[in-house]
Amino acid sequence: MIGIGVLKGLWVTLREFLGTYPAGRWLLTRLGASTGQGLFTIEYPEVKQQHAERHRVFPFLVYDASPDNLRCVACKICEQECPPQCIHIVGPAKDEQGRPLKAHGRTFPVKFDIDVSICMSCRICVDVCPFDAIEMDNAHELSGFDRFAEMVYTKEQLLKSNEYFQQIKPTEASVVDQRLAAKAAKTAMPPQPAASP
Amino acid sequence: MDQLFVVLKSSVVQLAGRWLPEGALPFVSMGLTIAAIAAAAPVIMMYLTWLERKIIARMQNRLGPNRVGLYGLAQPLADGLKMLIKEDIVPEGADRLVHSLAPVVAVVPALLVFAVLPFGRNMIAADLNVGLLYFLAVSSISSYAIFMGGWASRNKFSLLGAMRGVAQIISYEVPSVLSVVVVIMVAGTLSMGGIVEAQASRWFVFTPWGFVAALIFFLSGVAEVNRTPFDMPEAESEIVAGFHTEYSGMKFALWYMAEFLEAFAISAFTVTLFLGGWQGPAIPLWWVLFGSVCLVATARTIPSVLRVLGVVACVGSGVVAYLANEAVPSWAWFLAKTYGLVFVLVWFRGTLPRLRVDQLMGLAWKFFLPLTLINIASAALWVAMPGPSGGVLAGALLILSGWWLIRLNNPAPLQPRTYLFVE
Ligand code: SF4
Ligand code: SF4
């Protein structure tokens with residue numbers, strides 16, 4: 001019959017309308033109808049959405065124990081690979097004679113800036129870093145009033161502890177920790193003579 | 001309660017009579033009525049936008065405006081302010097005078113039709129003896145406005161939208177006018193007040209011809225005010241915004257005001273002509289007030305102070321209404337029915353996709369027009385043969401012809417296509 005489709009459509013919207021009110025839901029259950037999908041809205045500033053663990057926004061630099069023990073060695077691979085070129089690294093730090101300075105047995109960057117407004121959250125820097133020194137953060141309220149003073153994050157702002165990483169992304173952090181532990185065990189052990197086949 | 005506004009007005013006029021000469025009082029009375037309508041119209045329009053956004057949002061499982069004020073109730077004010085301070089752009093090469101005149105020409109008739117609307121018992125600004133004719137004449141002025149706006153904008157989208165709009169309004173004017181002929185036939189008057197009185201025993205919508213006429217009048221009205229699913233003149237996906245593409249700021253707001261007021265007017269006139277106007281069963285007022293107590297008490301968004309105050313006010317007025325044995329006032333009935341139909345309008349918008357131009361025209365010329373003509377015959381049967389036999393005949397005539405028209409308009413259903421060379 002002509003028009004039945006229209007009536008069905010009208011019923012669907014009416015049901016969804018009623019289903020968003022407690023009284024409407026009561027009525028619908030009384031009628032034996034489905035109560036619709038209910039409200040989806042998350043009222044943002046008051047209520048915040050629980051993000052999935054894999055949710056990523058902007059990279060940060062990981063340090064172990066203390067902020068000067070950062071994992072980054074200033075190899076600049078991420079700087080080169082970043083598609084929109086928003087990473088800017090100065091370093092590694094050198095003394096007057098031009099010999100690289102070391103902290104905790106590693107070289108370290110003098111400056112490490114990432115421009116929030118240019119970063120496209122692609123995670124390529126994380127994937128290319130050979131030292132697992134950079135990871136993706138999920139903090140997303142990054143707006144600011146000043147294009148350069150607030151939107152360019154310096155090394156100090158980017159440094160976050162490994163505990164923080166474990167807290168926001170437990171699965172990924174434990175994988176990284178295992179990998180680093182395996183690496184450390186390998187370097188600590190004397191190199192084995194390669195077994196000939 | 002029922003005559004609240006009437007008493008209010010006459011007491012103000014009496015008060016004015018102390019200072020003013022006798023001859024000036026009719027003008028004071030007129031001025032008061034005009035002021036009331038002119039003040040109510042923008043408020044009605046603003047809160048219609050709020051209502052529409054809220055209802056649509058709920059149908060889409062959202063909350064709708066909820067930031068500005070309680071339940072977003074101040075949102076229309078914020079929007080109005082925004083519209084006021086926006087830049088008013090007139091395109092180069094536009095006909096400046098006509099371009100700025102068009103929205104005004106659209107708003108004025110939308111306001112004028114309120115003059116013959118009976119909002120309640122004795123609450124009609126001008127009970128013209130040709131009220132219905134006045135409404136039909138004035139409401140069709142909006143097609144001029146749409147064409148003026150579209151033409152003067154010097155923009156092809158505007159012009160296309162305007163041409164569609166005019167074609168559509170003129171097409172739907174015909175079934176809309178023919179569908180109210182039955183009301184005139186049965187009520188025997190063109191005055192809106194008289195038509196409402198004629199429905200005291202039975203609302204016209206509960207007769208076979210009245211039901212069909214109400215449906216056709218309302219749907220043609222929806223088409224005449226360019227609302228979904230008949231919003232071809234403003235089809236965003238094809239012609240940007242149609243005739244008001246080139247309007248911004250307050251002029252744009254005026255277009256919207258005209259549109260919402262017309263939508264409200266269509267609902268209000270459907271109520272007046274077919275749904276009994278301000279008539280309604282004498283439900284005790286305290287029932288309604290008790291219902292609102294429950295609503296206010298359970299509304300979680302309202303701060304508790306306001307909730308307590310609201311409950312106290314409702315209970316207080318409920319007790320007063322119970323003691324005074326008040327029924328629901330006539331204007332409340334009228335507004336409730338009208339807003340019910342406004343809800344239907346929004347409900348359509350939340351549900352139905354836009355029609356194609358040919359479907360739209362086909363509906364008007366191939367279905368509504370013949371059906372209204374048959375409907376007139378059916379109403380004639382009803383008038384000529386009072387009693388059940390006439391009613392049965394009229395109903396049977398309508399059902400048969402409706403079925404026949406549907407068959408005629410949908411010749412053969414399309415068969416699923418079989419592809420010869422494709423697996
Ligand atoms: S973050 Fe990683 S890839 Fe980038 S400079 Fe530091 S160590 Fe190299
Ligand atoms: S996430 Fe992508 S865009 Fe952002 S800093 Fe890393 S490589 Fe550059």
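Only a predicted model underlies this, so the values are computations on that prediction, with no experimental measurement involved. Proteins get letters first, then strands, A, B, ... in listed order; numbering begins at 1 in each.
Of the residues listed (B/T338, B/L345, B/V225), the one engaging B/F264 in a side-chain contact (heavy atoms from CB on, under 4.5 Å) is B/T338, and it is the only one.
A salt bridge is absent between A/D95 and A/K102: the closest approach of a Lys/Arg side-chain nitrogen to an acidic carboxylate oxygen does not fall below 4.0 angstrom. Here A/R71 does not pair with A/D132 in a salt bridge; the nearest charged N to carboxylate O distance is not below 4.0 Å. The pair B/R349-B/E52 counts as a salt bridge, with a side-chain nitrogen and a carboxylate oxygen less than 4.0 angstrom apart.
For residues 111-125 of chain A, heavy-atom neighbours of chain B at less than 4.5 Å comprise no residues at all. The stretch residues 39-64 of chain A places A/L39, A/F40, A/T41, A/E43, A/P45, A/E46 near chain B, each with some heavy atom under 4.5 Å from a heavy atom of that chain.
Of all heavy-atom pairs spanning B/I266 and B/G221, the tightest one is CD1-CA, 3.7 Å.
Most heavy-atom pairs under 4.5 Å with chain A: of the set B/T351, B/N61, B/I56, this distinction falls to B/N61.
The aromatic rings of B/F206 and B/W203 lie parallel to each other, with less than 30° between the two planes, well short of the 60° mark.
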Evaluate the ring-ring contact (aromatic ring centres under 6.0 Å, His included) criterion for residues B/W209 and B/F204: first the C-alpha distance (whole Å), next the side-chain angles of each, then the deciding distance (0.1 Å), finally the verdict. CA-CA 8 Å; B/W209 49 269; B/F204 286 160; 5.4 Å; yes

Run the salt bridge (charged side-chain N to carboxylate O under 4.0 Å, His left out) check on B/D231 and B/R164 step by step: do they pass? CA-CA 10 Å; B/D231 58 347; B/R164 283 184 183 188; over 6 Å; no

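Put simply, the side chain of B/V174 does not reach to within 4.5 Å of the side chain of B/F368, judged on heavy atoms.
Put simply, CD on A/Q166 and OG1 on A/T171 are 11.0 Å apart, with the number rounded to the nearest 0.5 Å.
Aromatic rings from B/F211 and B/F274 are positioned such that their centres are separated by 6.0 Å or more.
Neither the backbone nor the side chain of A/L18 comes within less than 4.5 Å of any heavy atom of chain B. Using a 4.5 Å cut-off between heavy atoms, B/L63 contacts chain A through both its backbone and its side chain. When heavy atoms are compared at a cutoff of 4.5 Å, B/I55 approaches chain A by way of both its backbone and its side chain.
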